[in-house]
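Below is one structure, written out as structure tokens; comments come after it.
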Amino acid sequence: MERSILDSIGMEIVGVMSPVSICMLLVVVLVSGLSPPSSSIDSSSSSPATAATLVYLESPSDPPAEKLVGALLNAAVFVALVTAVTFLLVLLYYYNFTGFLKAYMRFSAFFVLASMGGSILVSFLRRFSLPLDAPSALLLIFNFSVIGFLSVFSNAVPILVRQSYMVALAIIVAAWFTKLPEWTTWILLVALAIYDLAAVLCPRGPLRILLNLASSRDEELPALIYESRPTVSNHSESSVELQPQASTRSNPNPNPNSDPRQTVSSRQSFSSSTEADESIIEIQNHAETYPLVSTERGRDQPERSWSDLSSSLGFSEQDNELESTRGIRLGLGDFIFYSVLVGRAAMYDLMTVYACFIAILSGLGFTLILLSIYRHALPALPVSITLGVVFYFLTRLVLEPFVVGASMSLVMF
Amino acid sequence: MTVAAGVGYALIGLGPALSIFVSVISKKPFLVLTVLSSTLFWLVSLILLSAAWRALLPIKSTATWPYAVLILTSVVFQEGIRFVFWKLYKKLEEILDLFADRTSKRRLFLTDKLQIALAGGLGHGVAHAVFFCLSLLTPAFGRATYFVERCSHMPFSLISAIISLGFSMIHTSSMVIAFNGYAQKKKSDQIFVPVIHMIASIMTLINLAPGGCVIGIPLLCLSAAGTLLYCWILVSRRLRESHGRPAT
């Protein structure tokens, strides 16, 4: 039977949405599964001193104005830190300190998996009072982290393992971030969305510089990035099929897998689609970035195989580039902050979780559609976070009384 | 009776929707996106409705008429939303056909259109079940359960799960019926959908009477079954017709 066009459209969008959904789901399960014991021994007072609570540590008894100011200050400091770290990264990348970056990122990926993952494991064991002796727990954590550490860097590891470790990293960091006090979380999310917008779209935004550098050097972006590369066998068939369709751009769901950076023609079936309009954009893109990197060209190029970098707590600097040389790629920071939003919503009620979940996924879908129209790297946080925050408060303030009121009297429609 | 009960209620409310999703929807990414956007649509409509009703809630009086007004406005509004959704779908269908022409593929089959309608309906149904049943299930996962005074025969979660089951089926199949009605310009189908939605909602008004749920909920399930039957007959007739003549 002839296949209809429905079979192929939207493959990439769903390919990105499903890991995001899995990540959010697991964070919600983690948050709602682990929170009951800590709520009995006032969790808010035991919230950790992280980079996001440098200035002000919220306590529930503070008046709203103080909370607001404190949260704003926290967010400002955090964003400033993130910006500083990102510029540092850009600087290091610009001067080809890739060996150092690589080592640093290796260390931090291992560190996150081992320490934060370990602490989550411990609270999990405690919550369900599972007996596990310390040596086996240590062995488990060590093995888990070592595989993660290896998979983050080498291309030899199966893509599925790599993708799962990306999601696992995001879950761990997001679960950590949900321990932040409430007001700080909300303000921080909004601030990061704005930062993301500026960093990717401003002409001198750090992430934009990073992206341009990476594209002009024909390298992978030096960041922890989830690739929805369809290397799983059942996917590859349809991805090949998608190729001929790349010519239409007016469609709301074309394959948004193409990007000015199509030149990175590495080993992928995706990169075979170069068309007239794309190559024009390519040339322009290169023309505008050449001045920036022309001095770099002579130096030794870092090897192609290194792919992903991370930084321990400042993950957010990589948050956002949706860009795609092969498949859609989504920064790990997006995963983290989507999940933080949903995890924070899970502390209120399930209804807010569903509303935020739908809002974030719609925002992501909208961003992907925008990506297919504008065809350069876009920040993935702003639309989703805005929608998520708006839906959270609408649900909490408006929807919930209505739905609960109606359904408690068993009147539904 | 803790986690098992919660999962059980959730499966009563969402089981059929889940099986439709797994067996039909999840195979085609486009349908997944349709479900998602339809869910968003329904959620937005619910938020708008609740914003309009926010000032008047909670209804203190024991009289039935405020609820009747609420049901009436909600159903009318949601049917309006369905029409908007249809209009959007119509645009999308044109774009898809254009896309198919350009890539020299087949245009949408009849089954594709039916599947899109099914996905749209499923989105509405799932959204209903999620917000009216799943999100209220939190107590059911704990050690206790919750009973409503008016209907002390069954736990509240069970009632809401059954009601959600009925409504998710009604939403799912009535979207198929409505899309067919709009596409073929058949007045009877176009009117059938709001009417059955209204009838089903009025059935829940019976629950307001003490012990009324014993009557109201079976009636609701009956109307859901009726909608499903109607949808079945309609779809099989369309499929037979399209088999009769060469595909256009």
Side-chain angles (χ1 to χ4, degrees), chain A residues 1-15 17-18 21 32 36 238 244-248 250-254 349-355 357-359 361-366 368 387 390-391 394-395 397-413, chain B residues 28-33 36-37 39-40 43 46-47 49-51 53-54 57-59 67 70-71 74-75 78 92 95-96 98-100 102-103 105-106 108-109 111-112 115-116 127-128 130-132 134-138 148 150-151 156 159-160 163-164 167 197 201 204-205 207-208 213 216:
Chain A
M1 184 190 149
E2 194 179 355
R3 301 183 65 178
S4 75
I5 58 170
L6 277 198
D7 293 328
S8 48
I9 291 179
M11 187 71 84
E12 284 88 359
I13 297 188
V14 173
M17 276 180 179
S18 41
S21 316
S32 47
S238 36
Q245 297 177 0
S247 55
T248 36
S250 58
N251 189 276
N253 289 325
D349 191 21
L350 280 184
M351 200 177 291
T352 48
V353 173
Y354 301 128
F357 182 78
I358 294 169
L361 280 191
S362 317
L364 182 60
F366 185 70
L368 292 176
L387 276 180
V390 166
F391 271 63
L394 278 180
T395 307
L397 299 175
V398 174
L399 186 64
E400 190 170 37
F402 180 75
V403 168
V404 170
S407 54
M408 282 301 156
S409 36
L410 298 179
V411 173
M412 300 184 195
F413 46 87
Chain B
K28 300 191 177 181
F30 185 79
L31 296 182
V32 178
L33 297 180
L36 193 69
S37 49
T39 312
L40 179 76
L43 176 60
L46 193 66
I47 286 179
L49 259 178
S50 53
W53 275 90
R54 182 71 182 93
L57 285 175
I59 298 170
Y67 289 104
L70 187 141
I71 292 270
S74 309
V75 172
Q78 289 195 332
L92 186 73
I95 295 172
L96 280 179
L98 201 74
F99 187 55
R102 275 206 220 172
T103 53
K105 286 204 169 197
R106 285 290 304 271
L108 292 179
F109 297 113
T111 46
D112 290 336
Q115 278 180 350
I116 293 178
H128 183 284
V130 160
F131 282 95
F132 279 100
L134 210 57
S135 56
L136 304 172
L137 272 186
T138 327
V148 186
R150 287 198 190 93
C151 187
F156 167 73
I159 304 173
S160 71
I163 295 180
S164 291
F167 271 107
H197 191 180
S201 310
T204 64
L205 278 183
N207 297 334
L208 284 175
C213 58

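A note on names: the letters A, B, ... follow the listed sequences, proteins ahead of strands, and every chain is numbered from 1. Just so it is clear, the structure is predicted and the values come from calculations on it, not from any experiment.
- Chain B forms the most heavy-atom pairs under 4.5 Å with one residue out of A:Ala359, A:Gly365, A:Ser18, A:Ser362, and that residue is A:Ser362.
- Heavy-atom distances place both the backbone and the side chain of A:Leu361 under 4.5 Å from chain B.
- The heavy-atom pair separating B:Phe132 from A:Ser407 by the smallest distance is CD2-CB, 4.0 Å.
- In this structure, A:Ile13 CD1 and B:Leu33 CG are separated by 5.5 Å, a value rounded to the nearest 0.5 Å.
- Between atom OG of residue B:Ser37 and atom CZ of residue A:Phe366 there is a gap of 13.5 Å, rounded to the nearest 0.5 Å.
- Of the inter-residue distances, the one linking A:Phe391 atom CZ with B:Ile47 atom CD1 reads 5.0 Å to the nearest 0.5 angstrom.
- Within the 4.5 angstrom heavy-atom criterion, atoms from both the backbone and the side chain of B:Leu40 approach chain A.
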Apply side chain to side chain contact (heavy atoms under 4.5 Å, CB included) to residues B:Phe30 and A:Val14 and explain how you reach the verdict.
CA-CA 8 Å; B:Phe30 185 79; A:Val14 173; over 6 Å; no

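- Note: A:Leu397 CG to B:Ser50 OG = 10.5 Å, rounded to the nearest 0.5 Å.
- Note on B:Leu208, B:Val75, B:Val32, B:Leu205: by heavy-atom pairs under 4.5 Å with chain A, the leading option is B:Leu208.
- Residues B:Leu43 and A:Ala355 come closest through the heavy atom pair CD2-CA, 3.9 Å.
- A:Tyr354 meets the side-chain contact (heavy atoms from CB on, under 4.5 Å) test with A:Leu350, B:Val130, B:Phe131, B:Leu134, B:Ser135; sequence neighbours excluded.
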